[in-house]
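Each chain gets a letter, A, B and so on, in the order its sequence line appears, and its residues count up from 1.
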Amino acid sequence: MGIVDRAEEAGFITTTLDKLLRWGRSRSMWPVNAGIACCSLEMMTTGAGRYDFDRFGIMFRSSPRQADVLIVPGPITKKMQPIVQRVYNQMAEPRWVIAMGSCAISGGAFADSYNVLPGCDTFLPVDVYIPGCPPRPEALIYGCLKLKEQIANTSFIGSAARNKALYVPPDLGEEWPDELLRQFGVLPADDSSEGGSRDVGEVRDEG
Amino acid sequence: MVNFPRSEATGGTETLLLNVGPQHPSTHGVLHFMLEMAGETVVTAKPVIGYLHRGIEKLAENRTWQQVIVLTDRQDYVAQFSNEWAYCRAVERLAGIELPERAEWLRTLMGELNRITSHLIWYAGVTMDIGTLGTPFIYAWETRERIFDFFEAVTGARMMPNWMRIGGVRTDIDPALLADLRTFLERDFPKECDTYEALLTGNEIVVSRMKGVGVYTAEECVHLGITGPFLRASGLARDLRRDAPYGAYAKLDFEVCTDPVGDSLARCRVRLRELRESARMCIQLIDGMPEGDIAVKVPKALKPPAGDCYVRTESPRGELGVFVASDGTTRPYRYRVRSPIFYGLSAMPRLLPGHLLADMLVIFGGIDTSMGEIDR
Amino acid sequence: MSAALWLRTIVGLVALLALLAGVTLFGVWWERKFIGHLQRRRGPLHHGWHGLLQLPADMIKMIAKEDTVPTAADSLLFQFGPVAAIVPAYAALAALTFAPGIALIDMQHGLLYVFAWETMLPLAFALIGWSCANKFTLIGGLRAAAQLISYEIPMLLAALGVVLTAQSMNLTTIINAQTGWWYVFKQPLGFVIFSVAMLAEMNRSPFDLPEAESELVAGYMTEYSGMKFGFVQLAEYSVLLVGSYLIAALFLGGWNMPFLPASWLWLALKIVLLMTSTMWFRGTFPRLRVDTLTQMSWKWLLPAALVNIMLVAALALWLGPKVY
């Protein structure tokens with residue numbers, strides 16, 4: 001919602017809207033129905049009868065456009081990485097990422113493989129890590145409730161929300177052109193003297 | 001604009017390249033189908049695999065013989081016990097280890113239960129593919145949960161048990177648990193099976209959509225090396241549990257389920273009957289469970305003599321072959337898996353053309369793929 | 001127009017909008033709850049009393065979601081698509097009479113008016129499917145067009161039977177003609193044809209081919225995010241409401257109830273029951289294939305509808321309008 005995201009100062013209207021947004025967004029998290037490996041089975045288990053994600057308003061959507069949360073359930077291979085990245089890019093803002101299981105966190109049992117990335121946080125801004133191989137459905141629910149807490153406690157007013165959208169992965173940040181970073185306000189507009197002083201790591205300010 | 005190729009099959013009109021997957025609700029993991037479509041009809045189908053290639057076979061060369069079991073669990077995450085079992089049998093044969101009888105029976109019990117859970121996942125998948133909103137899916141999942149409770153009580157883990165050991169199994173099963181399981185399999189499970197049959201093969205819409213769709217003859221299956229329920233649904237009664245018995249199968253009374261038709265519906269019928277057969281076998285296993293040790297002593301630094309061996313087992317998806325080679329050290333020299341459904345998938349380019357998009361997904365869902373096993 | 005008429009129109013429009021929004025919110029909640037219980041689970045539970053606040057939360061989220069427009073999409077048509085879907089859906093509500101005398105406009109040819117707007121929807125869905133530059137939406141949009149057009153014909157023919165008997169296209173007259181026997185007993189064949197065709201018209205399972213989740217991801221809505229997706233859903237629920245209303249009004253006696261005084265409550269009850277039964281179908285049935293779908297319409301429903309009309313006309317001539 002533009003008013004809230006663009007507002008630099010918190011006024012009465014923006015804070016009220018912000019409260020409403022936090023309430024709505026935290027209570028309606030729709031994950032993408034993107035199964036990758038073993039953990040996707042536990043993800044489905046959580047959606048099925050005994051654990052029932054729908055109780056918390058968590059409903060799987062197959063189209064990334066309509067989803068809010070990307071649960072990464074499995075090891076990311078080098079061939080899969082562009083696909084996951086694309087699914088993430090297709091999702092509409094605001095969006096969150098849950099790294100489910102050791103493979104998505106660090107590569108897990110396949111950490112020393114030649115084809116598995118050491119975790120999905122190498123290219124995605126992960127909000128919640130759920131350890132386990134695979135995590136139990138209870139753990140996944142706990143992780144989702146933690147994310148709900150995080151959303152409910154994060155103000156969407158002003159720069160925090162924008163910076164979240166502008167997350168630059170640490171290792172990719174080097175490759176981003178300066179003009180682009182300046183345009184988005186990551187680098188100060190007048191600072192054209194040197195490009196090496198930017199501190200990409202601090203972009204992700206979630207308050 | 002992209003110029004689409006013109007196809008002879010459609011009378012010279014343009015065809016459409018449709019990418020189904022890797023992120024698509026019906027690809028059961030991360031399979032990618034490149035479909036050349038004429039309207040809704042598939043002209044050519046090309047499965048693209050490798051999105052889940054984790055290099056398990058190479059990783060195994062850097063693990064000790066026992067540590068590989070961790071990887072075999074994750075290799076096919078739908079049939080964990082079958083994969084553990086295949087690997088352990090290969091190593092045991094290589095090292096010349098004889099198992100106590102109880103260990104064999106326990107392994108067979110878990111293997112059959114695992115066949116049930118695996119078929120239930122197939123059932124959940126195929127009913128989703130055919131367009132239900134998830135009601136049969138959730139019913140199947142609930143039964144799977146009951147069996148997973150048992151797995152958890154025995155092995156301590158729901159999905160990745162890491163329970164079989166070279167030379168036996170890790171933990172014994174409590175008699176009370178076995179009794180509980182027996183009650184469940186005898187009293188509740190057949191009722192659940194009735195529900196599954198009513199919702200799948202008993203539903204008129206399903207029958208009209210599956211009958212005569214995706215017919216594959218036994219001869220074609222043999223040419224491609226297809227095994228398991230896929231082959232048995234084409235009329236050839238080939239089952240390693242009966243033809244080359246291992247574990248406790250030689251002492252069990254069971255029927256090899258076949259169907260002469262070879263279409264999608266036949267594959268459903270065979271798997272649904274196998275559910276009941278497996279439950280029947282589990283009951284026999286529980287009743288006849290011998291007393292004794294659950295494992296033999298095997299040195300921690302196991303060094304099988306140099307050599308190699310190839311062992312076949314009947315996994316829920318077909319003939320799962322494991323080849324291990326040893327150079328006399330504590331690590332495998334080579335570990336290679338013959339994944340059954342990889343061969344099933346290779347039938348897709350021949351099986352799918354001419355079918356509608358909706359049928360294509362049903363045929364594909366009906367063969368029960370697991371991408372973890374194909375890509376490894 | 002006089003000031004009173006203006007006021008009445010505006011109040012009526014707002015009331016209809018509120019009705020549509022209320023039915024959608026309550027309907028989605030009820031659907032998730034009902035199907036949840038069909039599937040041996042609870043459905044929305046923790047946000048509000050038994051999850052009643054779930055839908056407001058979803059709506060707030062959707063309104064505040066980023067509005068993505070794919071680069072390759074036809075931007076103008078893409079933006080226009082949800083409007084094209086929501087306008088006919090909303091406009092069709094204007095002619096519905098909910099109780100004797102309670103309607104925005106009690107049109108002389110209300111039935112025709114409703115059908116006219118409903119037939120605009122496949123156009124909107126095809127438009128949406130085309131504009132997204134996505135192959136899944138394209139297939140979904142074309143499926144929607146093919147399906148809705150082939151089922152409109154038997155639906156209209158089945159409704160014609162009722163019009164013949166009631167000798168009016170006014171919804172109030174049609175409902176009042178059913179104070180005795182409902183038309184479902186007089187024209188059972190027409191009822192079956194109309195219900196099946198209406199189910200297809202609502203895109204409900206087993207006719208949910210345009211948005212077939214397992215085949216087409218989300219069908220023609222695949223590329224829509226945020227409130228555009230919400231609008232398309234709103235349009236779908238409006239069709240569900242109008243469809244259930246029409247079945248109740250044309251065949252199930254509208255606000256009439258045997259042995260009890262006529263009241264809008266009966267109509268509401270019938271609509272709720274009909275909507276619930278479509279949800280029941282949705283939770284139970286698999287999907288038809290696209291060729292069986294069109295074949296069923298052209299080879300079975302259409303001839304049956306023609307037979308129905310001839311039968312109704314012959315009976316009406318033979319027995320006279322007073323009896324039949």
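Interface with chain C: from residues 63-70 of chain A, residues A:Ser63, A:Arg65, A:Gln66, A:Ala67, A:Asp68 qualify, criterion being any non-hydrogen pair under 4.5 Å.
Below 30°, between 30° and 60°, or above 60°: for A:Phe56 and C:His46 the angle between ring planes is between 30° and 60°, a tilted geometry.
In this structure, CD1 in A:Ile151 is found 10.0 Å from NZ in C:Lys61, a value given to the nearest 0.5 Å. Rounded to the nearest 0.5 Å, atoms CE (C:Met221) and CZ (A:Arg61) are 6.0 Å apart.
Listed options A:Ala92, A:Gly24, A:Gly49 were ranked by heavy-atom pairs under 4.5 angstrom with chain C; first place goes to A:Ala92. Among the candidates C:Met59, C:Arg32, C:Arg42, the residue making the largest number of heavy-atom pairs closer than 4.5 Å to chain A is C:Arg32. Per-residue heavy-atom pair counts under 4.5 Å with chain C were compared for A:Gly57, A:Pro94, A:Ser28, and the maximum is reached by A:Ser28.
With a 4.5 Å cut-off on side-chain heavy atoms, A:Tyr51 and C:Arg41 do not count as touching. Within the 4.5 Å cutoff, the side chain of C:Ile60 has no heavy atoms near those of the A:Arg25 side chain. In this structure, C:His47 and A:Trp23 have side chains that are not in contact, with every pair of non-hydrogen atoms separated by 4.5 Å or more.
Looking at C:Thr68, only its side chain comes within 4.5 Å of chain A, counting heavy atoms on both sides. With a 4.5 angstrom heavy-atom cutoff, C:Leu53 touches chain A via backbone and side-chain atoms both. Contact annotation for C:Glu223: both backbone and side-chain heavy atoms come within less than 4.5 Å of a heavy atom of chain A.
C:Ala57 approaches A:Arg27 most closely through the heavy-atom pair CB-CB, 4.0 Å.
The neighbour count for C:Met120 CE, taken as heavy atoms of other residues, nucleotides or ligands under 6.0 Å away, does not exceed 12. Shown here is C:Phe80, whose CZ atom has no more than 12 heavy atoms of other residues, nucleotides or ligands within 6.0 Å.
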